[in-house]
Amino acid sequence: MLSWIVTWCTVLFTALLGSSGYVAVFVRDAAQRADAYRVLKLLTGIIAGAGGGGGLLQLVVKLHGLGPW
């Protein structure tokens with residue numbers, strides 16, 4: 001069950017990242033581009049942990065290192 005939740009969260013997160021990246025690069029409206037760029041920065045900050053040194057990626061690596069449940 002946990003693997004399904006992680007998989008769907010990853011799919012949703014990737015879809016959000018891809019769509020905001022597309023809008024930030026290819027849409028002509030400046031206001032939409034600015035909003036999409038802000039969402040893109042937020043999502044990449046969640047992945048990399050730009051704000052506090054933590055982050056989703058480090059959490060996944062740490063959980064992977066703990067081994068099977």
Side-chain angles (χ1 to χ4, degrees):
M1 180 70 184
L2 182 65
S3 64
W4 284 98
I5 294 171
V6 170
T7 301
W8 282 109
C9 286
T10 304
V11 168
L12 176 66
F13 198 78
T14 304
L16 287 172
L17 195 63
S19 62
S20 64
Y22 176 80
V23 171
V25 173
F26 293 113
V27 170
R28 295 193 188 272
D29 186 19
Q32 282 184 340
R33 277 196 325 260
D35 290 341
Y37 181 67
R38 202 168 27 203
V39 170
L40 192 60
K41 284 191 335 187
L42 175 71
L43 291 174
T44 55
I46 289 171
I47 292 173
L56 187 63
L57 185 62
Q58 289 179 346
L59 176 67
V60 168
V61 168
K62 190 66 103 170
L63 287 175
H64 185 292
L66 291 176
W69 302 37

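Quantities reported herein were computed from a predicted structural model and do not represent experimental measurements.
Among residues two or more places apart in sequence or in another chain, the ring pair (Phe, Tyr, Trp, His ring centres under 6.0 Å) test is passed with Tyr37 by none. Every residue meeting the salt bridge (Lys or Arg N to Asp or Glu O under 4.0 Å) condition with Arg38, not counting sequence neighbours, appears here in chain and number order: Asp35. Applying the side-chain contact (heavy atoms from CB on, under 4.5 Å) criterion to Thr10, with sequence neighbours excluded, gives Val6, Thr14. The side-chain contact (heavy atoms from CB on, under 4.5 Å) test applied to Trp4 returns Trp8, not counting sequence neighbours.
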Donor-acceptor list for residues 18-32 side chains, cut-off 3.5 Å, not counting sequence neighbours:
from: Ser19; atom 1: OG; to: Ala15; atom 2: O; distance (Å): 3.0
from: Ser19; atom 1: OG; to: Leu16; atom 2: O; distance (Å): 3.2
from: Ser20; atom 1: OG; to: Leu16; atom 2: O; distance (Å): 2.9
from: Ser20; atom 1: OG; to: Leu17; atom 2: O; distance (Å): 3.2

